[in-house]
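For the numbers below, each heavy atom of this structure counts, side chains included, while hydrogens, waters and symmetry mates do not. This one's a predicted model, so the numbers in the text were calculated from it and none came from an experiment.
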Protein chains: 2
Amino acid sequence: MDYKETGRGENRCSPHNLGIFAELGNDFLGILKNLESNSLNYAAPEAIYYAGEPATGVYILRSGHVKLFKTTSAGKDQIIRVVKPGEIFGFDGLVSELYNHSAVPLRQAEVCCIPVASLQSLGAHKAEVERLIMVRCIKELQHADERLLELGAKRSAERLASFLLEWCEGVAPDKWTPLVLSRLEIAQLLGLTIETVSRLFALWKREGVIRELHQSIQINDATQLKLRSLSN
Amino acid sequence: MDYKETGRGENRCSPHNLGIFAELGNDFLGILKNLESNSLNYAAPEAIYYAGEPATGVYILRSGHVKLFKTTSAGKDQIIRVVKPGEIFGFDGLVSELYNHSAVPLRQAEVCCIPVASLQSLGAHKAEVERLIMVRCIKELQHADERLLELGAKRSAERLASFLLEWCEGVAPDKWTPLVLSRLEIAQLLGLTIETVSRLFALWKREGVIRELHQSIQINDATQLKLRSLSN
DNA sequence: CGGCTAATTGAGAGACGTCAAATTTGGTGG
DNA sequence: CCACCAAATTTGACGTCTCTCAATTAGCCG
């Protein structure tokens, strides 16, 4: 499969796998199909959009992962959120002219792009969509609250432990979870440096709390990790 | 005026000064008046709601300030947001059972409480309200993004400088702005300690960048402060 | 196998936190 | 108006967590 810029498919989004909008039922899916929504493929280093660009589209992630981040005046990145398949992102355009953050795939991402203009012309279904977006927003706000607590009130080990637990949430203890983020990206997410993240990984691997193979991780001792995610 | 618990007025909210909902026009204000929305007064140490309580109401702040915060397992507070008059807060109930954070007035707060149940029975106006809440949410999400950048990627001086600039935003350079937060609360907002905040204040006052009198501050050298809010 | 990038590891420095004491502030009652 | 008290703030000395800088190793792809 070719995910280069030139290889990006510009097809209609199929009604399947539309994540949040699936709740709207097939009625809506039909409508959405008639919108000029495009399915787009992105590879790792290329941006879906940059902070400050005109916010023309709302995106649904269909596969892969997307990191949303802001950049300091010194060029330091802070990852705001990692988007998982089925989730929506980039809805700044519903409120403001420009995107508030940048969006880049972690490795690869297949997204469905819905122009903001299309959402305005939904007629009877507009309210439903706005309700769904409202619900999604509130949930994200709650998630942001949690992240603010992490960054503002916790130490490095607590942050990393929380992150790993969340990342591997719902995975069987003996199963491997692909760690799509590099050390740098984990550091940028947790407000730390590559080195501190690396040291904690090394320590916990030596202690047998976690395991890592290729690009995947496994939580060996969840109890211990939960312990370390708590402020003592 | 008595803001003690016992002195809390339980009147209907007048249609004036309803902040975000004002956009809905008088039509809606009439409807809102018919809802069982209560005007409530709170004084500093008493909570409007606590994290984990059933999220039964949505609030509009009519006067004063409210801090929204989460508490660590170690009892450390992180202030998520400071609510200003006209703003809405506590809309977790539209999505989840329980409040996700706690809400306490900084000094005093007059709020309008709208039961979630009432919002559900708005009929034709429900969509309008949900749209307004969606818009508000997106804006708050953008604000949260900025705060995450502050906490994750900036040093103490940069955080405090940004905060002061935002707090005094739109105030004439020779006017005083009431600093409603204590040193502790500023520290809890910025993810620092009382002492570091105090030291920075002392330094900047010595340098003549800011001034402080009673509980009010004034930015003497905005250029210098902006300089210090940027990552170097 | 070479060459590049990511990750690891070590040593040292610095920013911020912690602890404790001194000082100021604001409110209260004489 | 002043004295007094409790709480908030300031200030200092010190500790430590995390960053910084640098060198080494591991992983990956042609």
Side-chain angles (χ1 to χ4, degrees), chain A residues 2-4 43-45 67 72 74-78 106-107 150-161 163-164 178-207 210-217 228 231-232, chain B residues 2-4 43-45 72 74-78 106-108 150-161 163-164 178-207 210-217 228 231-232:
Chain A
D2 183 9
Y3 287 112
K4 293 289 166 51
K67 61 176 173 184
T72 281
K76 202 169 163 190
D77 286 349
Q78 174 66 35
L106 286 181
R107 284 180 149 57
E150 299 275 327
L151 293 187
K154 296 192 177 178
R155 351 205 100 272
S156 59
E158 297 159 359
R159 294 185 211 175
L160 184 59
F163 163 72
L164 289 177
L179 188 58
V180 192
L181 301 113
S182 68
R183 295 289 128 108
L184 175 59
E185 285 163 333
I186 296 176
Q188 290 171 340
L189 180 69
L190 304 179
L192 303 170
T193 57
I194 303 182
E195 292 94 329
T196 19
V197 172
S198 180
R199 274 183 252 268
L200 287 169
F201 263 95
L203 176 63
W204 293 350
K205 281 192 272 190
R206 273 199 300 275
E207 294 178 334
I210 62 173
R211 294 208 290 170
E212 192 175 27
L213 198 53
H214 299 130
Q215 312 268 346
S216 294
I217 54 165
R228 298 182 188 198
S231 314
N232 57 18
Chain B
D2 183 12
Y3 287 111
K4 294 285 165 52
T72 282
K76 202 168 162 190
D77 287 349
Q78 174 68 35
L106 285 182
R107 285 179 148 57
Q108 155 272 337
E150 299 275 327
L151 293 187
K154 295 192 178 178
R155 348 205 105 271
S156 59
E158 296 159 0
R159 294 184 210 173
L160 185 58
F163 163 72
L164 289 177
L179 187 58
V180 191
L181 302 113
S182 68
R183 296 288 128 107
L184 175 60
E185 285 163 333
I186 295 175
Q188 290 172 340
L189 180 70
L190 304 180
L192 303 170
T193 57
I194 303 182
E195 293 93 330
T196 17
V197 173
S198 180
R199 273 183 253 268
L200 286 170
F201 263 95
L203 177 62
W204 293 350
K205 281 193 273 190
R206 272 198 301 276
E207 295 179 334
I210 61 171
R211 292 207 291 169
E212 193 177 26
L213 198 54
H214 299 130
Q215 312 268 346
S216 293
I217 53 166
R228 298 182 187 197
S231 314
N232 57 19

J.: Looking at residues at least two apart in the chain, or sitting in another chain, which of them share a side chain to side chain donor-acceptor pair (under 3.5 Å) with A:S198?
T.: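 For A:S198, no residue satisfies side chain to side chain donor-acceptor pair (under 3.5 Å) once neighbours in sequence are set aside.
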J.: Which residues pass the side chain to side chain donor-acceptor pair (under 3.5 Å) test with A:T196, sequence neighbours left out?
T.: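 Scan of A:T196 (side chain to side chain donor-acceptor pair (under 3.5 Å), adjacent residues dropped) gives A:T193.
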J.: Please report how far the helix from C:dC1-D:dG30 to C:dG30-D:dC1 bends, comparing the axis fitted to its first five pairs with the axis fitted to its last five, to the nearest 10 degrees.
T.: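 About 40° separates the two local helix axes.
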J.: Look at the side-chain N and O atoms of B:T193 and state whether any lies under 4.0 Å from the OP1 or OP2 oxygen of C:dC16.
T.: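 So the side chain of B:T193 is outside the cut-off, no N or O lying under 4.0 Å from OP1 or OP2 of C:dC16.
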J.: Rounded to whole angstroms, how far apart are CG on A:L200 and P on C:dT9?
T.: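 Rounded to the whole Å, the gap is 12 Å.
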J.: Rounded to the Å, how far apart are A:W204 CH2 and C:dT9 P?
T.: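 About 15 Å, once rounded to whole Å.
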J.: Please tell me which of the listed nucleotides, C:dA15, C:dT9, D:dC17, lies nearest to the side chain of B:R155?
T.: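 Output: C:dA15.
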J.: Holding to ring-ring contact (aromatic ring centres under 6.0 Å, His included), I want the full list of residues that pass it with A:F163, two or more places apart in sequence or in another chain.
T.: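 ring-ring contact (aromatic ring centres under 6.0 Å, His included) check on A:F163 returns A:W167.
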J.: Would you kindly give the CG-to-C1' distance between A:L213 and D:dA26, to the nearest whole Å?
T.: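 Distance, rounded to whole Å: 14 Å.
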J.: For B:E212, which residues count as a salt bridge (charged side-chain N to carboxylate O under 4.0 Å, His left out) partner, sequence neighbours excluded?
T.: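 B:E212: salt bridge (charged side-chain N to carboxylate O under 4.0 Å, His left out) contacts with B:R183, B:K205.
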J.: Measure NE2/B:H214 against C1'/D:dT9 and give the value in whole Å, please.
T.: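 Rounded to the whole Å, the gap is 15 Å.
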J.: Taking side-chain contact (heavy atoms from CB on, under 4.5 Å) as the test, write out the residues that go with B:R107, two or more places apart.
T.: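 By the side-chain contact (heavy atoms from CB on, under 4.5 Å) rule, B:R107 matches B:V180, B:Q215.
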J.: Who passes side chain to side chain donor-acceptor pair (under 3.5 Å) against A:Q78, sequence neighbours left out?
T.: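 Result, side chain to side chain donor-acceptor pair (under 3.5 Å) vs A:Q78: none returned.
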J.: Specify the separation, in whole Å, of atom CZ of B:R107 and atom P of D:dA7.
T.: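 For the pair B:R107 CZ and D:dA7 P, the rounded distance is 17 Å.
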J.: In whole Å, I'd like the distance from the NZ atom of B:K154 to the P atom of C:dA15.
T.: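 Those two atoms, NZ and P, are 18 Å apart.
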J.: Please enumerate all residues that pass side-chain contact (heavy atoms from CB on, under 4.5 Å) together with B:R199, with sequence neighbours excluded.
T.: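 B:R199 satisfies side-chain contact (heavy atoms from CB on, under 4.5 Å) with B:E195 only.
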J.: Within the distance-only criterion (no hydrogens, no angle test), does the side chain of B:R228 pair as donor or acceptor with the backbone N or O of B:A161 below 3.5 angstrom?
T.: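 Not a single qualifying donor-acceptor pair exists.
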J.: Of the candidate nucleotides D:dT20, C:dG17, D:dT18, which contains the atom at the shortest distance from the side chain of B:L192?
T.: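 Of the candidates, C:dG17 comes closest.
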J.: Could you work out, with side-chain contact (heavy atoms from CB on, under 4.5 Å) as the rule, every residue matching B:A157, not counting sequence neighbours?
T.: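 Residues passing side-chain contact (heavy atoms from CB on, under 4.5 Å) with B:A157: B:L200, B:W204.
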J.: Any chance you could list the contact pattern along nucleotides 3-8 of chain C? Use B for base contacts, S for sugar-phosphate-only contacts and - for none, protein heavy atoms under 4.0 Å, 5' to 3'.
T.: ----SB
J.: Quick one: B:L160 CG to D:dT9 P, roughly how many Å, whole number?
T.: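 These atoms are roughly 13 Å apart.
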J.: What are the two closest non-hydrogen atoms of B:S216 and B:P178, and how far apart are they?
T.: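 Distance-wise, the nearest heavy atoms are OG-CA, 3.5 Å.
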J.: Tell me every residue that passes side-chain contact (heavy atoms from CB on, under 4.5 Å) with B:E185, counting only those two or more places apart in sequence or in another chain.
T.: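 B:E185 satisfies side-chain contact (heavy atoms from CB on, under 4.5 Å) with B:K67, B:I79, B:L106, B:L181, B:S182, B:Q188 only.
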J.: CD1 of B:I186 versus P of D:dT9: gap in Å, rounded?
T.: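 Rounding to the nearest Å, CD1 of B:I186 and P of D:dT9 are 8 Å apart.
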J.: On a heavy-atom basis, which atom in B:V197 and which in B:I186 lie closest, and how many Å separate them?
T.: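 Of all heavy-atom pairs spanning B:V197 and B:I186, the closest is CG1-CG2, 3.9 Å.
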J.: Strictly below 4.0 Å: does B:T196 bring a side-chain N or O up to OP1 or OP2 of C:dC16?
T.: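 Indeed not, no polar side-chain atom of B:T196 lies that close.
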J.: Give each protein N/O atom lying under 3.5 Å from an N/O atom of nucleotides 3-5 of chain D, with the pair distance.
T.:
none

